[in-house]
2 protein chains.
Amino acid sequence: MTITDAAPARLGDDVGACSSAPVDPCGSESSEARIIRDVLSRVGDKWSLLVIRMLHNGPLRFTQLQRSIDGISHRMLTQTLRNLERDGLVSRTSYPEIPPRVEYAATDLGRSLALPVLGLVEWASGNHASITDARDAFDAARD
Amino acid sequence: MTITDAAPARLGDDVGACSSAPVDPCGSESSEARIIRDVLSRVGDKWSLLVIRMLHNGPLRFTQLQRSIDGISHRMLTQTLRNLERDGLVSRTSYPEIPPRVEYAATDLGRSLALPVLGLVEWASGNHASITDARDAFDAARD
DNA sequence: CTGTATCCCAGGTGATACTG
DNA sequence: CAGTATCACCTGGGATACAG
């Protein structure tokens, strides 16, 4: 986990903090980077988190999800659900009735993901204003 | 997600679905959804988190960052740094020397963001295997 | 060294129509 | 109701050249 690995010691060390090693230069950097990007490409798309979040309180049907998530298209909801199902974050239960009924629910893995995600949401809620202000200031200073 | 070169920062563009109620339309739902998407579009792009992470231990120069982050292009590093600076997550200090020297550092806001982000990274590290397994199983069952 | 501008392509996403 | 396929668009992002 974490960030404790290939950290170059501040300024001054100048060139090539890791230029001597013939193999695996810079240690496990790219490995962690890959994990970060991996989780982001999974959860960082436009809709996944919103779906995860909606399913956190209990199963929902396709149409219920579509109504709950403002702006999501039919196609993207299907696609998002497929990816989440594929990654074991959401389960799909189909009832062979007429008309068909399908319920989606968060798996344990999906619910465990919701925890750190909520941390991020909390940060976003708390610092949303700071970001907006900073952005306005930056744009204003750029005239 | 939105990192357009000179984007005029579109904020509340998610209207449409809830147009009837005169007060607090759609409840707090769409508001939270907007915040989630907002933070994700900021941090969920391909490079921002990696930059934030590299700057967590101390300031770095442009070239140091480029060498540290595997695969990032000149253009995207500039662009990512501008966006982070604009949002108050990174500070930029230019020393009028020859050749020019510019140092980037995480702001307090940037560092505070790193915390929940690390939670996500930790989750990713811990559950990476589960996801991969689930995916393999899903793909195998689909033959 | 740092930053900007241009060209260009792959991929994500919406609209729409069709099937079970 | 739920899912799939097709098309068309737009944006992210790499390569490259140029400027300060």
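Letters A, B, ... mirror the listed sequences (proteins, then strands); counts begin at 1.
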* **Sole candidate of Val51(B), Val102(B), Leu89(B) that passes side chain to side chain contact (heavy atoms under 4.5 Å, CB included) when paired with Leu81(B)** => Val51(B)

* Taking a hydrophobic cluster as the set of Ile, Leu, Val, Met, Phe, Trp and Tyr residues connected by side-chain heavy atoms closer than 4.5 Å, whether directly or through intermediates, do Met54(A) and Leu50(A) fall within one such cluster? -> yes

* Asked: Leu77(A) has an atom CG; how far is it from atom C1' of dT4(D), in whole Å?
  -> 14 Å

* Between the side chains of Asn83(A) and Thr80(A), is a donor N or O closer than 3.5 angstrom to an acceptor N or O? -> no

* Send over the distance from Lys46(A) NZ to dC10(D) C1', rounded to a whole Å. => 11 Å

* Is the shortest side-chain N/O distance from Arg82(B) to OP1 or OP2 of dT4(C) below 4.0 Å? -> yes

* **Worked check of side chain to side chain contact (heavy atoms under 4.5 Å, CB included) between Ser130(B) and Asp133(B)** => CA-CA 5 Å; Ser130(B) 301; Asp133(B) 291 352; 5.8 Å; no

* What integer distance in Å separates Gln79(B):CD from dT2(C):P? -> 18 Å

* Any side-chain heavy atom of Leu55(B) sitting closer than 4.5 Å to one from Tyr104(B)? -> yes

* Structure fact -> In whole angstroms, the gap separating C1' of dT4(C) from CE of Met76(B) amounts to 14 Å

* Compare the minimum distances between each of dA5(D), dG14(D), dC1(C) and the side chain of Arg61(B), then state the nucleotide with the smallest one. => dC1(C)

* Using a cut-off of strictly less than 4.0 Å, decide whether Arg101(B) has a side-chain nitrogen or oxygen near OP1 or OP2 of dT2(C). => no

* Asked: Choosing from dT2(C), dG3(D), dA2(D), which nucleotide comes nearest the side chain of His74(A)?
  -> dG3(D)

* Structure fact -> Taken in chain and number order and not counting sequence neighbours, the residues that satisfy ring pair (Phe, Tyr, Trp, His ring centres under 6.0 Å) with His74(B) are Phe62(B)

* **Distance, rounded to the nearest Å, where Glu103(A) contributes CD and dG3(D) contributes P** => 12 Å

* Asked: At what angle, to 10 degrees, do the two end axes of the helix from dC1(C)-dG20(D) to dG20(C)-dC1(D) meet, given five pairs define each axis?
  -> 30°

* **N/O (side chain, Thr63(B)) to phosphate O (OP1/OP2, dC1(C)) under 4.0 Å** => yes

* Which nucleotide sits closest to the side chain of Arg75(B): dA15(C), dT16(D), dT2(C)? -> dT16(D)

* To do: Identify, between Arg92(A) and Pro100(B), the residue whose nearest nucleotide on DNA chain D lies closer to the 5' end.
  => Arg92(A)

* Glu85(A) CD to dA2(D) C1', straight-line distance once rounded to whole Å -> 13 Å

* What distance separates Glu122(B) CD from Leu115(A) CG, expressed to the nearest 0.5 Å? -> 12.0 Å

* Between P of dA2(D) and CG of Leu65(A), the distance in whole Å -> 9 Å

* **Phe62(A) side chain, from C-beta outward: closest of dT2(C), dG3(D), dC1(D)** => dG3(D)

* What nucleic acid atoms does Ser73(A) come within less than 4.0 Å of, heavy atoms only: base, sugar-phosphate, or nothing? -> sugar-phosphate

* Just checking Tyr104(A): base, sugar-phosphate only, or nothing, at a heavy-atom cut-off of under 4.0 Å? -> sugar-phosphate

* Mind checking the CG-CG spacing from Leu113(B) to Leu49(B)? Nearest 0.5 Å is all I need. => 7.0 Å

* For Asp45(B) and dG11(C), what is the distance between atoms CG and P respectively, to the nearest whole Å? -> 19 Å

